[in-house]
Amino acid sequence: KNLLVSSSPAYLATASSLSDLMIKNVAVGTVISTEYQYKPGQKRDMDYEGVVYGFASVLNVTTYKDNDAIKALKKMCLSKCPEDRKKELEVVLSGKTKRPAGFYFQSRMVNLPLEIVEVLHEQLIQDMDWAVDNAGGGIEERKSLDFGAFVRIAPSYREKNTSYFKYFDDEILANHAEFTFEFEVPKTFGMEETPYCTAVVMTKTGHRAAIKTLKQMINGGG
């Protein structure tokens with residue numbers, strides 16, 4: 001919850017509910033956290049044990065259509081979407097597509113090592129693939145986990161009329177998206193600059209291509 005709120009004020013009102021959903025959504029989602037191996041008799045240090053440094057998850061917009069947080073995110077995206085893309089986004093978020101769409105969440109400490117960022121994204125892909133192959137609820141559950149599109153509400157900011165993403169990997173996702181659009185987010189207490197978000201709408205193919213580009217960049221292959 002803290003990571004979600006700190007990533008962008010856009011999640012301030014929905015952070016608690018979204019965090020609960022992601023925790024319950026055990027089939028898809030990954031967390032980077034500390035884990036210590038204690039020696040016999042060594043005192044446990046609860047200040048540093050189990051600290052979450054990052055997470056990634058996808059929530060099905062149809063499965064959770066009655067959840068107020070998901071409704072709020074849909075409403076926010078559609079209200080900010082440019083008119084020439086609104087019908088397309090309405091279809092993605094309608095729950096009536098051949099393959100389901102999901103809200104794509106990821107947040108982490110900004111200074112997380114690049115190699116760990118790569119693992120975070122790779123693990124989420126593995127989670128989604130594993131969930132489809134091992135769905136215990138039959139065909140319907142398998143279909144609900146076989147995502148065909150994603151909507152990512154990525155925190156961004158502006159400097160001298162130029163937009164930047166808070167997380168560099170969101171820019172890579174945006175470069176492989178079907179379309180993106182930026183919008184202002186209301187300031188929270190103590191903020192001097194106006195915060196922004198960029199909605200990134202991408203297909204499964206675009207998402208996989210983005211993660212491949214991310215791997216090449218981090219490993220020096222592109």
Side-chain angles (χ1 to χ4, degrees), residues 4-15 17-18 21-22 56-108 110 121 124 128 146-188 191-214:
L4 195 59
V5 170
S6 65
S7 70
S8 173
Y11 294 113
L12 186 61
T14 57
S17 182
L18 290 173
L21 285 181
M22 284 187 272
S57 185
V58 179
L59 295 176
N60 188 311
V61 299
T62 306
T63 303
Y64 301 109
K65 63 182 179 180
D66 295 326
N67 182 274
D68 288 340
I70 297 299
K71 288 180 179 179
L73 293 186
K74 285 182 180 181
K75 182 179 180 180
M76 179 173 63
C77 288
L78 290 170
S79 66
K80 303 296 184 179
C81 185
E83 285 299 322
D84 63 333
R85 290 292 190 178
K86 185 164 289 188
K87 287 185 178 180
E88 192 173 350
L89 184 59
E90 285 175 347
V91 171
V92 171
L93 296 177
S94 68
K96 299 176 181 178
T97 52
K98 184 176 180 180
R99 296 171 69 188
F103 276 112
Y104 186 106
F105 301 94
Q106 69 114 348
S107 185
R108 64 176 191 277
V110 176
H121 286 283
L124 182 61
M128 289 190 285
D146 189 13
F147 294 99
F150 306 95
V151 178
R152 162 83 176 135
I153 303 173
S156 56
Y157 60 95
R158 285 185 179 181
E159 287 184 359
K160 297 180 180 179
N161 297 321
T162 301
S163 297
Y164 299 92
F165 286 96
K166 181 176 182 178
Y167 304 112
F168 77 93
D169 36 331
D170 279 329
E171 182 174 357
I172 297 175
L173 294 176
N175 289 338
H176 289 81
E178 295 299 296
F179 63 93
T180 66
F181 58 92
E182 186 186 54
F183 55 92
E184 290 186 11
V185 180
K187 292 181 182 179
T188 56
M191 276 191 169
E192 295 182 359
E193 298 182 356
T194 301
Y196 290 83
C197 274
T198 299
V200 180
V201 183
M202 54 189 162
T203 63
K204 178 179 180 179
T205 301
H207 174 240
R208 299 292 169 109
I211 303 310
K212 183 178 180 180
T213 299
L214 176 68

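Legend: side-chain hydrogen bond (donor to acceptor under 3.5 Å, both in side chains) pairs involving residues 194-206, not counting sequence neighbours, sorted by first then second residue: Ser156-Thr198. Under the side-chain hydrogen bond (donor to acceptor under 3.5 Å, both in side chains) criterion, no residue pair touches residues 68-81, with sequence neighbours excluded. Listed by first and then second residue, the ring pair (Phe, Tyr, Trp, His ring centres under 6.0 Å) pairs involving residues 148-176 are Tyr104-Phe150, Phe147-Phe150, Phe150-His207, Tyr157-Tyr164 (not counting sequence neighbours). Here salt bridge (Lys or Arg N to Asp or Glu O under 4.0 Å) pairs that include residues 167-180, with residues two or more places apart or in two chains, are Arg108-Asp169, Arg152-Asp170.
In this view, Lys187 satisfies the salt bridge (charged side-chain N to carboxylate O under 4.0 Å, His left out) rule with no residue, not counting sequence neighbours. Partners of Ala10 under the side chain to side chain contact (heavy atoms under 4.5 Å, CB included) rule, at least two apart in sequence or in another chain, are Ser8, Met76, Val185, Cys197. Phe179 meets the ring-ring contact (aromatic ring centres under 6.0 Å, His included) test with no other residue; sequence neighbours excluded. In this structure Glu193 satisfies the salt bridge (charged side-chain N to carboxylate O under 4.0 Å, His left out) test with no other residue, sequence neighbours excluded. Under the salt bridge (charged side-chain N to carboxylate O under 4.0 Å, His left out) criterion, Glu90 pairs with no residue at all, not counting sequence neighbours. In this structure Glu88 satisfies the salt bridge (charged side-chain N to carboxylate O under 4.0 Å, His left out) test together with Arg85, sequence neighbours excluded. Partners of Ser17 by side chain to side chain donor-acceptor pair (under 3.5 Å), not counting sequence neighbours, listed by chain and number: Asn67. Checked against side chain to side chain contact (heavy atoms under 4.5 Å, CB included), Thr97 has the following partners two or more places apart in sequence or in another chain: Val91.
Scanning both residues, Ser6 and Lys166, for their nearest heavy atoms gives O-NZ, 2.8 Å. Residue Pro100 comes nearest to Asn60 through the heavy atom pair CB-ND2, 3.4 Å, listed as atom of the first residue, atom of the second, then distance. Annotation for Gly102 and Val58: closest pair CA-CG1, 3.8 Å, computed over non-hydrogen atoms. Closest heavy-atom contact between Val201 and Ala177: O-CB, 3.3 Å. Scanning all heavy atoms of the two residues, the minimum distance from Thr188 to Pro9 falls at CG2-CB, 3.7 Å. Scanning both residues, Cys77 and Leu93, for their nearest heavy atoms gives CB-CD1, 4.4 Å.
Atom CD of Glu184 and atom CD of Glu182 lie 8.5 Å apart (nearest 0.5 Å). Rounded to the nearest 0.5 Å, atoms CG (Asn175) and OG1 (Thr180) are 9.0 Å apart. If you take CG on Leu12 and OG on Ser7, they are separated by 10.5 Å, rounding to the nearest 0.5 Å. Distance check: Ile172 CD1 to Leu214 CG gives 4.5 Å after rounding to the nearest 0.5 Å. If you take CD1 on Ile211 and CG on Leu124, they are separated by 8.0 Å, rounding to the nearest 0.5 Å.
Thr14 is not listed as a side-chain neighbour of Ile70, based on a closest heavy-atom distance of 4.5 Å or more. Using a 4.5 Å heavy-atom cutoff, the side chains of Leu73 and Val151 are not in contact. Tyr64 places none of its side-chain heavy atoms less than 4.5 Å from the side chain of Phe103.
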